[in-house]
Amino acid sequence: MKFKRWSVVVLACAALFCAAAVQAQEKLEIFSWWAGDEGPALEALIAKYAALYPKVQVINATVTGGSGVNAKAVLATRMLGGDPPDAFQVHAGQELIGQWVAANRVEDLTPLFKSEGWTAKFPAGLISLLSAKGGIWSVPVNIHRSNVMWYLPAKLKEWGVTPPKTWTEFLKTCEVLMSKGVEAPLSVGESWTVQHLWESVALGVLGPDNWTALWTGKLKFTDPKAVAVWDTFGKVLAYTNADASGLSWQQATDRLVSGDSAFNIMGDWAAGYMSTTLRLIPGEDFGWAPSPSTSGVFMMLSDSFGLPKGIKNRTAALNWLKLLGSKEGQDIFNPLKGSIAGRVDSDMSKYNAYSQSAAKDWKANRIAGSLVHGAVAPQRFLNDFGTIMSVYQTTNSSKAAASAAQAIADQVRLGLY
Ligand code: GAL
């Protein structure tokens, strides 16, 4: 009898132990490229998640490399190899739709948007970038601006120049700077940052309507208007630093901060880096302006998270998506990141002077989508953009680059999505 009672107690303890072990095993793997210097905003959001769901073990799986240059390749291997993370960073627009929705690898999140009331909380234009085939396919955490020119007001004053408003003015200003001993007035880094510069040049030369027409297939890359982009781009490149290919985007920003270069054209994650990591004060230590010839136009991109089909920790992942789409989540993440909330109801008192000005422009400006950050063209086009750049750099011919771009646009059937 005594033996029986003991065995019941032992069995009950074992069951409790197992249940605890199972609970402790609840996990959430979040996949992104927000590593190192880019990490603070994501880490703050994960800390909030951990406080809300203390039993879930969060795995912050990052693959370093700005704009996802390395992460996207690792992600593709995992998604197609049947080992998807529980949630993954993906840009709103063609990067999401042309790759993951087309391949049927992500869940339709329309029910989540409905249950969370999000269709009224995100602007219609943003929701349409996340939508295709009757579904909404990811949750946006922010809006970043691509076409920003950064500078240090104190250095420009010292050099006796002001932020140029057009590309013509920009080239003249660079001449002045060079005569004052600034060897490389414009800082760039590894190849994707040069592509990033290209999209700002293209937006400035073409204007928002023709820029958009390129991606809907209505304007050919070989049209003289689009060929002219390469002419200006070549002139601008002449003022960049020779060591670019070895520099990350943060190191390109560092050249600005150290006064080695006068300008850097980069997305506003650079504001996050300068204010959150380097502790510089926006509007005092660093300044900004729309990249030349793009005043009144906001080239946008949005980081979002998708829910792969067939994941192990679906409930934990849905709770992650709920947090990052919430007002509280967005206002934890974005003030550190340099971006503004995707939501329309965020608390702007939590944001610094740069983000407040970006939020104003986001409401008042014409909106265009970024190429390099996934909004307007599928990843397959972007994968080949490096080839187009090398054609330009080896031939020094705008026409050759334009023909290469058109050939790739035809191959990926741009404009058909
Ligand atoms: C972009 C991304 C930003 C930032 C940037 C630099 O593609 O949308 O959030 O991470 O790359 O890595």
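Values in this document were obtained by computation on a predicted structure and should not be read as measured data. Throughout, residue positions are numbered sequentially from 1 according to the sequence presented. Remember, it's 1-based here, ligands and their atoms both numbered in the order they're listed.
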Is [X] in polar range of ligand 1, meaning some N or O pair under 3.5 Å apart?
X: Lys337; value: yes
X: Gln89; value: no
X: Asp303; value: yes

Asn142 and ligand 1 - part of the residue with a heavy-atom distance under 4.0 Å
neither
Under a 4.0 angstrom heavy-atom cut-off, which atoms of ligand 1 come close to [X]?
X: Gly66; result: 12 (O)
X: Trp249; result: 6 (C), 12 (O)
X: Leu301; result: 8 (O)
X: His91; result: 1 (C), 2 (C), 7 (O), 8 (O)

Could you list the residues that satisfy salt bridge (charged side-chain N to carboxylate O under 4.0 Å, His left out) with Lys322, not counting sequence neighbours?
none
Exam field: side chain [X] to backbone [Y], donor-acceptor pair closer than 3.5 Å:
X: Ser248; Y: Gln251; answer: yes
X: Thr294; Y: Ser291; answer: yes
X: Lys180; Y: Trp159; answer: yes

Taken to the nearest 0.5 Å, the spacing of Ile311 CD1 from Asp83 CG works out to 12.0 Å
Atom CZ of Arg343 and atom CD of Glu328: how far apart are they, to the nearest 0.5 Å?
11.0 Å
Protein contact to atom 1 (C) of ligand 1 [nearest heavy atom, distance to 0.1 Å]
His373 ND1, 3.3 Å
At what distance is the nearest protein heavy atom to atom 4 (C) of ligand 1, and which residue and atom is it?
Glu38 OE1, 3.3 Å
Can you confirm if the aromatic rings of Trp320 and Tyr53 lie within a centre distance of less than 6.0 Å?
no
